[in-house]
There are 2 protein chains.
Amino acid sequence: MTLKQLNYALALGRLGSYINVAKSMGVSQPAVTLQIQALEEELGIILFDRSTKSVEPTLNGIAFLEKAQALLTESKQLEDFAIQLSEEVRGELCLGIIPSLSPFLVPLFIDELNKKYPKMKLKIQEAITEDILEGIKTGTYHGGILSTPIISKGNLEVKPLFYERFYLYVSDKHQLYSQEEIDISSMDYSDVWLLKEGNCFMDQVTNICSIQPNQNENFVYESNNIDALRRIVEYKGGITFLPELSTLMIPSEQEEMIKDIKGKKKVREISMLSLKTEVRRNLINAVCEVIKECVPSQMLGREDKEIVKTNFVEK
Amino acid sequence: MTLKQLNYALALGRLGSYINVAKSMGVSQPAVTLQIQALEEELGIILFDRSTKSVEPTLNGIAFLEKAQALLTESKQLEDFAIQLSEEVRGELCLGIIPSLSPFLVPLFIDELNKKYPKMKLKIQEAITEDILEGIKTGTYHGGILSTPIISKGNLEVKPLFYERFYLYVSDKHQLYSQEEIDISSMDYSDVWLLKEGNCFMDQVTNICSIQPNQNENFVYESNNIDALRRIVEYKGGITFLPELSTLMIPSEQEEMIKDIKGKKKVREISMLSLKTEVRRNLINAVCEVIKECVPSQMLGREDKEIVKTNFVEK
DNA sequence: GTCATTTAATAACTTTTTCTTATTTAAAAC
DNA sequence: GTTTTAAATAAGAAAAAGTTATTAAATGAC
């Protein structure tokens, strides 16, 4: 019995066909067939029923695979543990990042991170706050980058990374375009383009001004993509809210369209979340450190800033 | 990382030298060296310190090996589990048997067992009651064959196998040789050869007659070997107690020396013990069944027999 | 029912891995 | 310093795992 054989058998139980297992493992189909045959031969039990087209685990197979899964999970944990012992910044790290941040933050630090820690394999997935928290708890993600503070029951470690201002992006055809700073209370909300509901950036925007989403517009565009809203403002006119990082990548021709919000600087707090028990602490710390290096330094401090609340409460 | 590598590494941690690991695994010394090198290479940590002659695990090595041991134990349990699922009488079974029984019982059934269940690998170890019970609880033995009833706190399954009479073996030079049945109370205890103290057969003998061991003899021979006592009786004279099974193998020339004890047939109860949770139940049942087949049929019933108590109480 | 399609099993062969023997190196014992 | 013992290394042999090509069997369309 080898770990490789168990791995193939588990995959066959999940995927239900030899050919798919072969594809997912990057080997040929007979390789899988032979290994599973060898395993059944050695164990003396039939794990899979091939009488029909779809390969199904037998009753014995189901019972065996359940325990085999536990063994394989433990073997993965042992490898992780060895990486911890080596005290190197090495191994795989899966992070979830909110969509209003990810397209601007990731390009900013990914190259530097890779240069500094070439042995770290970072997997980034865009997801909304709720799914990130769920993922952290189920082990899908080792950590998440999102807007805080949030109310959560979990045993979570929260590390603030930076504070990101809110800006307005105003069409040059709009009446407010001439002003340097815009008083939100004076705004006509029907001109404002917003992100899809449930997006935390959107939630915070409604906290800044008392907008009712999709109130009385005749054209609704539901998206989590801030760049798309910017293009709509450019081509169709109107106003949208932008997070600070997104403004860094705006070409100088459009720079005039970015407007401050009148009053104390409104910011959202961006933090790294992970389980307190997470063993990949060194990897997470490395990512935090590189992000802080790559983000404009004025975003690091929280002086003269008003942190906008999130509406997030874990169900 | 493979289970084989972990196995080699664990053995190296235990045995402290590559050459001993190689011997115990039945491979050459470079095979072990290469596998351990590959493991360290893959994990990225040094597991063993070779600076000195004796190979010692590093601090990382100790931490890693501890978890690796758990993994390997689980993998063994998974293989056991597969054997259970197969419902075949197959796999390894370790039994402890008391020394007053083992040399007469084992030859009786071992051949039949092997014929009937060729896939069973039986490991038998001679040990005293106390060590057998300890071994069953620590997992060294999957079961034990010993004299019951015993008082034990453990969660033990007790299966009576047969009832074995006590006989006397009397030298032809002894005054009692002429009698067919011997009244124990009339015996001179200074003529009696006994087994080592702590042996359960011996304990039961002292329950039958009120002998005080090593009372006033001028020659003491401490042994757990009943055959040795028999030879002493033959060459030097005197009397010894014999369990029934040992009398089956006595040649006809000495048959006359075997004497019944006067009164109701005194027997010891021989049982198979195992943890109630033991997964190798089918193997244990197979052994019980074969033993019952191989033992003379008159030993199976308990009618007209007086079961002699053991003194055993678990500490 | 026949035929086309899909997938698993088998066969023959290749590559990779693991192990072996022989030898070198290094540490401990004398 | 010499001998002894054990680990590391090198090179080749054996075993294991993988490959392609082909066959067999099952499903679905007609």
Side-chain angles (χ1 to χ4, degrees), chain A residues 1-62 64-65 68 71-72 75 79 82, chain B residues 1-62 64-65 68 71-72 75 79 82:
Chain A
M1 192 176 80
T2 68
L3 292 175
K4 189 184 280 184
Q5 288 171 346
L6 295 182
N7 214 10
Y8 285 178
L10 255 340
L12 185 52
R14 269 198 311 277
L15 302 175
S17 103
Y18 283 80
I19 220 153
N20 287 334
V21 173
K23 278 177 195 160
S24 80
M25 296 286 167
V27 294
S28 68
Q29 168 259 315
V32 181
T33 298
L34 292 171
Q35 284 305 309
I36 301 231
Q37 279 175 352
L39 179 63
E40 287 187 331
E41 170 78 15
E42 190 191 333
L43 297 175
I45 55 175
I46 303 296
L47 296 173
F48 295 97
D49 177 13
R50 292 98 159 158
S51 67
T52 167
K53 187 148 193 177
S54 69
V55 181
E56 293 276 312
T58 60
L59 282 176
N60 280 344
I62 291 169
F64 178 84
L65 290 178
L71 185 73
L72 218 62
S75 88
E79 284 177 331
Chain B
M1 192 176 80
T2 67
L3 293 175
K4 187 185 283 184
Q5 288 171 345
L6 295 182
N7 213 14
Y8 286 178
L10 255 340
L12 185 53
R14 269 198 312 277
L15 302 175
S17 102
Y18 283 80
I19 218 149
N20 288 334
V21 173
K23 277 177 195 157
S24 79
M25 297 285 166
V27 293
S28 67
Q29 168 261 313
V32 181
T33 299
L34 291 170
Q35 285 304 312
I36 301 228
Q37 278 175 351
L39 180 63
E40 287 186 330
E41 170 79 15
E42 190 191 332
L43 296 176
I45 55 176
I46 302 297
L47 296 172
F48 295 97
D49 178 12
R50 290 98 160 160
S51 67
T52 168
K53 188 148 193 177
S54 69
V55 182
E56 293 276 313
T58 59
L59 282 176
N60 278 345
I62 291 169
F64 179 83
L65 290 178
L71 186 71
L72 219 61
S75 88
E79 284 176 334

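Quick note on labels: first sequence line is chain A, next is B, and so on, each numbered from 1. For the numbers below, each heavy atom of this structure counts, side chains included, while hydrogens, waters and symmetry mates do not. Predicted model, so just to flag it, every value in this text is computed and none were measured.
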Report the distance from atom CG of B:L15 to atom C1' of D:dA7, rounded to the nearest whole Å. 15 Å

Backbone N or O of A:M1 within a donor-acceptor pair of the A:E42 side chain at under 3.5 Å? yes

Expressed in angstrom and rounded to an integer, what is the separation of A:Q37 atom CD from D:dA16 atom P? 16 Å

Identify whether the distance between the nearest side-chain nitrogen and carboxylate oxygen of B:E56 and B:R14 falls below 4.0 Å. no

Phosphate OP1/OP2 of D:dG18 contacted by A:K4 side-chain N/O (<4.0 Å): yes

Is it the case that the side chain of A:E40 and the backbone of A:Q37 share a donor-acceptor pair, with hydrogens and angles ignored and the cut-off at 3.5 Å? no

Which sits closer to the 5' end of DNA chain D, B:G16 or A:S54, going by the nucleotide each is nearest to? B:G16

Rounding to an integer number of Å, can you tell me how far B:L34 CG sits from D:dA15 P? 17 Å

Here the distance between atom P of D:dA25 and atom OH of A:Y18, to the nearest Å, is 16 Å

Closest to side chain of A:Q35, choosing from C:dT18, D:dG18, C:dT10: D:dG18

Please state how far atom CG in A:D49 lies from atom C1' in C:dT7, giving the value in whole angstrom units. 15 Å

With no angle test and no hydrogens, is the base of D:dA8 tied to the side chain of B:Q29 by a donor-acceptor pair under 3.5 Å? yes

Exam field: side chain B:Q35 to backbone B:V32, donor-acceptor pair closer than 3.5 Å: no

Whole angstrom value for the distance that separates C1' of C:dT7 from CD of A:E56: 15 Å

Does B:S17 reach a base, just sugar-phosphate, or nothing at all? Heavy atoms under 4.0 Å. sugar-phosphate

Select base, sugar-phosphate, or nothing to describe what A:Y8 touches, counting heavy atoms under 4.0 Å on all strands. sugar-phosphate

Quick one: is A:T33 getting a side-chain N or O under 4.0 Å of the C:dA9 phosphate, OP1 or OP2? yes

Closest-nucleotide ordering on DNA chain D, the 5'-leading residue of A:R50 and B:N20: B:N20

Tell me: NZ of B:K23 to P of D:dT5, nearest whole Å? 11 Å

Quick one: does A:T58's side chain have a donor or acceptor within less than 3.5 Å of a partner on A:D49's backbone? no

To the nearest Å, give me how far apart CD1 (B:I19) and C1' (D:dA8) are. 12 Å

